Every structure is written in structure tokens, then in C-alpha cells.
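Down below is the structure, laid out as C-alpha cells.
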Amino acid sequence: MTLLETISGPRDLDALSPEQLDQLAGEIREYLVESVSKTGGHLGPNLGVVEMTIAIHRVFESPRDAVVFDTGHQSYVHKLLTGRRDLSTIRKTGGLAGYPQRSESEHDIVESSHASSSLSWADGISKAFEMTGQDDRHVVAVVGDGALTGGMTWEALNNISDDNTRKLIVVVNDNGRSYAPTIGGMARFLNTVRTKQTYRNLHLSSRRAFDKLGAPASAFYRGVRGGLHGFLSRFTDNEALYSNLDIKYIGPIDGHDERAMEAALRQAKAYGAPVIVHAITDKGRGYEPALRDAADQFHAVGQIDPETGESLETASAPSWTSVFADELVHLAESNERLVGITAAMLRPTGLHRMAERFPSRVFDVGIAEQHAATSAAGLAFGGLHPVVAVYATFMNRAFDQVLMDVALHKAGVTFVLDRAGVTGPDGPSHHGVWDLSILQVVPGIRIAAPRDSVRLVEELGEAVAVDDAPTVIRFPKGTVGIDFDAVRRTDDGVDVLAESERKDVLIVTVGPMAETGLQVAERLEAQGIGATVVDPRWVVPVPRSIMDLAAEHRIVVSIEDGIRVGGIGTRIRQDLREAGVDTAVTELGLPDEFLDHGSRSDILERVGLTPQHIARDVTAMVLGSKLPHARGAGADAGVSTDTSPQPRV
Ligand SMILES: Cc1ncc(C[n+]2csc(CCOP(=O)(O)OP(=O)(O)O)c2C)c(N)n1
Ligand SMILES: CC(=O)[C@@H](O)[C@H](O)COP(=O)(O)O
Ligand SMILES: [Mg+2]
């Protein structure tokens with residue numbers, strides 16, 4: 001029996017000797033490589049937090065003490081130590097989540113995988129503990145150096161540094177990387193700390209480092225009620241505590257030295273006020289293929305050969321990301337106004353290709369999507385055309401910047417939203433399902449959803465030609481499907497993909513849902529129901545010809561890989577009413593609920609967004625049987641049927 005097999009909860013760690021702790025760390029690393037190489041997942045980040053997580057769970061008493069992981073992708077070791085020793089189902093339908101999940105364990109607190117929120121969580125939890133007489137409970141936040149480049153962390157630090165006695169420990173997991181090396185002035189400073197062999201005179205050097213960063217950073221260093229003084233000072237008995245700041249700093253500590261981590265954490269625990277413990281770690285620690293991987297040190301892997309680290313997955317077609325990446329380079333060759341912006345995801349969004357070709361025209365702003373959007377408005381003001389490439393789900397947090405900085409100023413900025421729609425294994429906070437509903441309310445915005453690679457190329461070119469409004473191109477995770485040529489194109493750019501003599505149903509598909517729409521049409525034809533399938537290409541604003549086509553049909557069905565509430569279907573319905581077209585509309589999309597992790601196909605099946613489900617429902621509607629009630633959340637697709645005028649039979 002391995003030591004790991006004896007650990008059913010954190011308290012089982014207490015009796016282990018130093019030698020056993022080292023043995024346990026080795027067993028955990030071995031298991032992570034063996035298991036994650038089969039399932040895929042965040043292998044590199046978790047290999048980097050083995051000793052840290054063991055030390056946290058030995059020093060603190062979860063769940064009485066609250067342990068919060070920023071982003072949560074590095075919580076596999078936490079799961080192993082809190083009664084979930086079998087990771088073989090991780091990220092699979094019905095299996096363990098790839099992030100903390102309260103329904104799995106009382107030890108899990110923050111389920112969102114959106115970075116840079118952990119310190120705000122910790123600030124709130126620690127305040128609540130103090131205010132409810134639970135001030136013997138500690139809060140521990142594990143935050144990566146990458147997550148520290150997100151603005152929320154500094155908002156939280158500014159509050160945590162208020163004069164207080166809250167038992168809040170911030171463990172900075174500093175491995176020097178997000179995917180790639182973490183960017184920015186603060187990261188450069190951390191690097192200074194990381195590389196100092198003796199870490200002597202840290203305080204002096206840090207002042208110099210911040211002075212080097214220029215006035216704003218020095219001002220921040222000297223004056224703002226932030227935690228940086230404590231963050232920069234070296235730990236000595238109470239010496240490092242600054243009168244107007246309350247964040248003591250301990251470190252840097254070797255994050256792979258379990259005993260050193262424990263000692264630092266015990267000091268922090270005993271201190272009785274907010275403390276930062278700065279741990280230096282290696283992403284991918286103990287696994288050569290990860291440490292050697294220059295791209296991202298196995299930040300997130302698919303199935304790999306555990307011996308060599310080689311990917312075992314073969315792509316049957318190019319990914320949406322790679323089609324975008326190549327076309328952007330092609331466009332940038334002839335349009336020197338184009339610049340790219342990534343939020344710490346250069347390679348995952350494909351911008352690395354433009355960066356290789358035009359290094360001075362791509363900016364990595366760190367995990368800072370809000371800053372990305374507004375700095376893009378600035379770039380546009382200066383005469384450039386920025387292309388901001390982010391995952392759709394992360395665009396949520398930059399809504400105000402798109403609205404008030406980009407759109408209000410009619411800035412020509414193109415947002416490329418990768419991983420739009422149901423993504424699958426990364427769970428509810430990673431599905432890119434809100435972008436269509438959120439962004440379509442932005443005045444003047446134009447949103448395109450390419451159905452295939454040909455349209456992605458076409459619509460990207462159209463987008464970057466717009467210089468007086470924000471444009472959005474959204475496409476899903478994974479490889480592109482087959483190209484669907486149009487039967488004809490209307491004068492306002494709507495592609496008719498299939499049409500029938502009988503004008504029973506107009507199916508309006510958003511993006512790659514075109515394939516589903518065509519399959520639905522085939523099924524309907526088999527029932528003698530005539531269907532026209534159209535792809536608007538640009539879904540916001542809804543092209544005029546959609547109104548005209550709707551007026552010719554008995555019912556309109558929209559199909560989108562986004563939440564139905566406030567989706568494109570809703571907009572079509574509203575526009576039809578405003579145009580005086582009373583054709584009934586059925587909007588099909590995702591239910592407005594958080595969709596668990598799983599495979600994309602399983603999730604679409606569960607919510608009823610499949611050709612079979614849709615054809616069955618539409619057949620029932622057109623043949624005049626009872627319209628399907630809005631089915632319960634989670635059971636079926638969000639179906640809203642406008643029942644004002646019944647379909648004309
Ligand atoms: C708001 C947001 N933007 C982007 C991401 C994608 N993302 C996931 S992990 C990661 C890097 C995190 O780096 P760090 O905090 O240093 O943690 P590490 O992986 O190094 O342990 C990024 C950018 C995210 N989860 N949330
Ligand atoms: C944790 C995080 O946000 C990312 O690492 C995410 O897991 C990447 O997802 P993809 O695998 O779709 O790139
Ligand atoms: Mg990091």
C-alpha cells in the first residue's frame with residue numbers, strides 16, 4: 001500500500017514523518033503523471049504545488065480553515081489529499097471537476113476558473129469570520145504569479161492591507177509563468193526576487209526595482225495603501241510590518257521544500273494579521289517532459305505518453321484557432337495597422353503566430369482582459385486596429401470596457417472570441433455561452449459567427465475593415481468541420497444553405513450550428529415539412545433579409561450555441577415584431593443554467609440541442625400539435641416559443 005492510499009483526509013497527514021512526507025510527495029507526482037497523461041488536464045501547474053499543498057493541509061485545518069485556489073486548475077493535489085484519490089474521471093461527464101467543486105467536497109470553496117479572484121474571496125471570507133465571532137478560523141488563498149497580473153488581486157490587496165487582525169494568508173505560488181513567462185513590471189520584480197541567491201537587502205533592491213519601473217510603480221510602492229511594502233519587505237520579527245500597511249511578507253521560500261513551507265505557514269498562521277508567503281516553485285516540477293516544454297510547461301495537456309510527454313492525440317482537421325492565427329498573419333502582412341492583444345494566452349489563442357512574424361505588433365497584457373479592451377480603445381484612438389483575442393468566457397469580465405471605452409467612442413476594435421459555445425471539460429465557468437447575450441446589447445457592435453473555416457477567413461477580413469465600431473468574431477473550441485457553401489447569398493450577406501418549395505420553416509443558424517440546422521432540415525423534409533436554412537454570418541445587427549425570409553415562412557426556428565435568454569433568437573423575434581412580421585419564432589439555445597463539465601456532445605445531448613431533438617420538436621410545432629412548453633432547466637434545451645400568432649397551417 002502506498003502512503004497516498006492511507007490519506008483519506010488532511011488530518012491523516014499529521015502523523016507523517018519528514019521522510020514519509022517526502023515519500024508522499026513523490027507518490028503524488030507519480031500518480032499525477034500516470035493519471036493525467038490518460039485523462040488530460042493541468043499537469044504542469046499541479047506538479048508545481050505538491051509540497052505547498054501538503055504543507056497547507058498540515059498547517060491549516062480545512063474545512064474549518066478556508067483554503068481558496070485562484071483559478072483552481074492547480075487543485076488536483078488538494079483533491080488527492082481531501083478524499084478524492086482517484087482522478088481517473090476528472091473533467092469527464094459525471095466525473096470529478098477539473099476545478100474545486102462544492103458538491104464534491106466540504107474542502108472546496110471557489111468553483112470558478114476565472115483567474116485573479118481568490119484574494120477578493122479571501123478578503124470577504126476573513127471579514128465574515130471576524131464579524132461572526134469565528135476569528136479562530138484562517139483563510140488561505142493560493143494565487144499564482146500569473147493571476148497576480150489581474151486587476152482584482154490589487155483591488156483585494158488594497159483592502160486586505162487595511163489595518164486589521166484578520167487571519168488571512170496569501171500564498172503566492174510564483175513559478176514565473178502563466179502559460180508563457182508572466183509579463184509586466186511586477187513579474188520582472190518577482191523575477192528579481194526569484195533569482196537572488198541570498199535574497200539579501202531585498203527591501204532596498206525592491207525599492208530600486210520599483211523605481212526602475214518608473215513613477216507610477218514607485219508611487220504605488222511608496223504611497224498607495226497597498227500591500228506592496230509588506231510584499232517587498234523581508235520577514236523578520238515584526239520588523240517588516242509597516243505602520244500603515246498590514247501585509248507582512250514572508251519569503252521567498254522554496255516552495256518545493258515541504259518543511260520550509262510548513263515553517264513559513266506556521267509563522268504566518270501565528271501572526272494574527274494578513275501575511276503574504278511568497279513561494280518559489282517550478283511548473284511541471286519533477287517531470288522532465290514538462291520542465292523541458294518551452295511553450296507552457298504542460299500547463300494543460302491532452303492525452304500524452306507518460307514516458308515521453310508526447311501528445312497521443314492527432315487532429316483530424318485544423319483547429320478554429322489555427323485558421324484564425326494564419327489568417328490574421330495574412331491580413332497583417334498587408335495591413336500594418338493591425339496589432340494583436342492577448343491576456344496571457346498567446347499560444348492558446350493563436351496570436352503566437354503573429355508574434356513570431358511581427359513581434360512588435362503583439363502585446364501580452366497579462367491576465368487582464370479589462371485592460372486589454374480599454375488599451376485597445378487607446379490603440380484605435382492612435383490610428384491602429386487592435387485584434388483582441390480571448391476565450392469567450394473571459395470576455396464576460398470586460399463587458400464595461402467594451403461598452404464604455406470601445407463602443408461609446410466608436411473604436412474600431414475586433415474581439416476574437418475563441419472557445420465560444422459549450423466547450424466541455426473545463427466546466428461551467430469555461431463554457432463560452434454568454435457572449436452573444438451580453439455583447440449584443442452594446443450599441444453599434446457587430447457580431448459575426450462563422451460557420452466554417454472559409455467564413456472565418458471571410459468574416460475576419462470584414463471585421464478588421466470596420467474602424468468605427470467594435471466587431472466580434474466568435475468560434476468554438478476544437479477542429480473546424482466541413483465547409484458549407486451557400487446556395488445563394490442575399491444582398492445583405494445572408495447565406496441561404498438550403499431551401500424548399502414549401503415555405504414551412506425558416507431555420508436561422510448561428511455559426512457552426514449550420515450543420516445542425518441542415519440535418520434538422522433533412523429530417524423535416526422526410527416528414528414532408530419544407531425548411532429553408534440560412535446563416536446570417538453577421539448575427540448582430542440581424543440582417544434585414546431575415547425579416548423578409550421570415551415573412552415568407554410559417555415559423556422561424558433559431559439555433560445558437562449560446563444561452564437562449566437574450567440570445568440571437570430573442571433579437572430576431574424582437575426585430576420581427578418591430579418589422580410587423582408576425583411569424584411565430586422558436587429560439588433554440590442553451591438553458592440559462594451553469595452547465596457541468598463533460599464532453600461537448602454529451603452536454604448538447606443533455607440539453608436537447610441536437611438535430612434529433614430539434615427536428616422532433618419542430619415537427620410537432622408545424623403539424624399543429626401542442627407547442628412544447630419551455631422545458632425544465634437541465635432537462636432540455638432552453639426552448640422559448642413565441643406563441644402569439646399560431647403557425648399558419
Ligand atoms: C480571467 C481569466 N483569463 C484567462 C484564464 C486562462 N488561464 C488559466 S490558468 C492561466 C495562467 C495562470 O497562471 P498562474 O496564476 O501563474 O498559475 P500557474 O498556472 O502558473 O500555477 C490562465 C491565463 C483564466 N483562467 N481566467
Ligand atoms: C484553466 C484555464 O483557464 C485554461 O488553462 C483552460 O483550461 C484552457 O482550456 P483549453 O484547453 O480549451 O485551452
Ligand atoms: Mg504561474
Side-chain angles (χ1 to χ4, degrees), residues 40-50 52-53 69-77 90-91 97-100 110-119 141-153 171-184 186-187 190-191 194 255 279-285 290 295-302 313 319-321 342-350 364-373 388-398 418-427 429-432 476-478 597 600:
H42 291 95
L43 182 54
N46 283 282
L47 288 168
V49 297
V50 174
M52 175 187 295
T53 309
F69 290 90
D70 199 289
T71 316
H73 62 307
Q74 76 297 57
S75 60
Y76 297 9
V77 182
I90 202 158
R91 295 155 48 103
Y99 305 85
V110 176
E111 302 185 356
S112 167
S113 62
H114 288 203
S116 314
S117 66
S118 61
L119 301 193
V142 178
V143 59
D145 57 294
L148 281 181
T149 60
M152 268 180 82
T153 49
V171 180
V172 174
N173 172 31
D174 178 5
N175 55 25
R177 304 179 75 101
S178 289
Y179 283 76
T182 299
I183 63 94
M186 190 266 297
L190 284 177
N191 232 355
R194 284 173 66 85
I280 307 291
T281 64
D282 296 322
K283 185 175 270 195
R285 176 81 171 208
D296 63 19
Q297 293 185 307
F298 283 24
H299 174 86
V301 296
E313 296 174 350
S319 66
W320 287 91
T321 309
T342 176
M345 298 180 79
L346 191 73
R347 189 169 294 272
T349 60
D364 177 353
V365 297
I367 309 181
E369 287 82 2
Q370 294 169 321
H371 171 71
V388 181
V390 296
Y391 283 10
T393 187
F394 302 137
M395 197 73 237
N396 299 353
R397 63 171 44 177
D418 196 334
R419 277 40 175 203
V422 170
T423 49
D426 282 292
S429 54
H430 254 72
H431 299 307
K477 175 170 184 166
H597 61 278
R600 174 179 160 82

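Just so you know, ligand 1 is whichever comes first in the structure, and atom 1 is the first atom listed for that ligand. Given the structure is predicted, the values throughout are model-derived calculations rather than measurements.
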I need the atoms of ligand 2 closer than 4.0 Å to a non-hydrogen atom of Phe394, numbered in the order shown.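 The list of qualifying atoms is 3 (O).
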Distance flag, aromatic centroids of His430 and Phe394, threshold under 6.0 Å: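 Yes; His430 has its ring centre under 6.0 Å from that of Phe394.
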When the aromatic ring centroids of His299 and His73 are compared, is their separation below 6.0 Å? yes
Are Asp418 and Thr349 close enough, and set up right, to give a side chain to side chain donor-acceptor pair (under 3.5 Å), and what steps lead you there? CA-CA 7 Å; Asp418 196 334; Thr349 60; over 6 Å; no
Can you tell me if Met345 contacts ligand 2 (heavy atom of the residue under 4.0 Å from the ligand)? no
Quick test: of every protein heavy atom, which one is nearest to [atom], and how far off is it to 0.1 Å?
atom	result
atom 9 (O) of ligand 2	Asp426 OD2, 3.5 Å
atom 1 (C) of ligand 2	Tyr99 OH, 3.2 Å
atom 13 (O) of ligand 2	Tyr391 OH, 2.6 Å
atom 5 (O) of ligand 2	Tyr179 OH, 2.7 Å

Rounded to the nearest 0.5 angstrom, the OH-CG distance for Tyr76 and Leu43 is 8.5 Å
Atom pair CZ/CD of Arg177 and Gln297 - distance to nearest 0.5 Å: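 That separation rounds to 4.0 Å.
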Is there at least one pair of N or O atoms, one from His299 and one from ligand 2, spaced under 3.5 Å apart?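 Looking only at distances, the answer is yes, because the N/O contact criterion of under 3.5 Å is met.
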For ligand 2, which is the ligand I care about here, please tell me if Arg419 has any N or O atom under 3.5 Å from one of the ligand's N or O atoms.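 N/O-N/O distance below 3.5 Å exists for this pair.
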I need the minimum non-hydrogen distance between [X] and [Y], along with the two atoms involved.
X	Y	answer
Gly98	Ser75	O-OG, 4.3 Å
Asp426	Lys477	OD2-NZ, 4.0 Å
Gly150	Ser116	CA-OG, 3.4 Å
Leu148	Thr153	O-OG1, 3.3 Å
Val365	Ala372	CG2-CB, 3.9 Å

Side chain to side chain donor-acceptor pair (under 3.5 Å) between Arg347 and Thr342, worked out: CA-CA 9 Å; Arg347 189 169 294 272; Thr342 176; over 6 Å; no
Look at atom 3 (O) of ligand 2 and find which of His73, Arg347, His430, Lys477 reaches it with the closest heavy atom.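 Result: the heavy atom closest to atom 3 (O) of ligand 2 is in His430.
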Which protein N, O or S atoms lie under 2.8 Å from the Mg ion (ligand 3), given by chain and residue number? Asp145 OD1, Asn175 OD1, Arg177 O
For ligand 1, list all ligand N or O to protein N or O distances below 3.5 Å, rounded to 0.1 Å.
{"from": "ligand 1", "atom 1": "3 (N)", "to": "Glu369", "atom 2": "OE2", "distance (Å)": "2.7"}
{"from": "ligand 1", "atom 1": "15 (O)", "to": "Ala147", "atom 2": "N", "distance (Å)": "2.8"}
{"from": "ligand 1", "atom 1": "16 (O)", "to": "Asp145", "atom 2": "N", "distance (Å)": "3.4"}
{"from": "ligand 1", "atom 1": "16 (O)", "to": "Asp145", "atom 2": "OD1", "distance (Å)": "3.2"}
{"from": "ligand 1", "atom 1": "16 (O)", "to": "Gly146", "atom 2": "N", "distance (Å)": "2.7"}
{"from": "ligand 1", "atom 1": "16 (O)", "to": "Arg177", "atom 2": "O", "distance (Å)": "2.9"}
{"from": "ligand 1", "atom 1": "19 (O)", "to": "His73", "atom 2": "NE2", "distance (Å)": "2.7"}
{"from": "ligand 1", "atom 1": "19 (O)", "to": "Lys283", "atom 2": "NZ", "distance (Å)": "2.8"}
{"from": "ligand 1", "atom 1": "20 (O)", "to": "Asn175", "atom 2": "OD1", "distance (Å)": "3.1"}
{"from": "ligand 1", "atom 1": "20 (O)", "to": "Asn175", "atom 2": "ND2", "distance (Å)": "2.8"}
{"from": "ligand 1", "atom 1": "20 (O)", "to": "Arg177", "atom 2": "O", "distance (Å)": "2.9"}
{"from": "ligand 1", "atom 1": "20 (O)", "to": "Lys283", "atom 2": "NZ", "distance (Å)": "3.3"}
{"from": "ligand 1", "atom 1": "25 (N)", "to": "Ser113", "atom 2": "O", "distance (Å)": "2.7"}
{"from": "ligand 1", "atom 1": "26 (N)", "to": "Ala115", "atom 2": "N", "distance (Å)": "2.9"}

Is a side-chain donor or acceptor of [X] paired with a backbone partner of [Y] at a separation under 3.5 angstrom?
X	Y	result
Lys283	Ser178	yes
Asp70	Ala115	no
His431	Thr423	yes

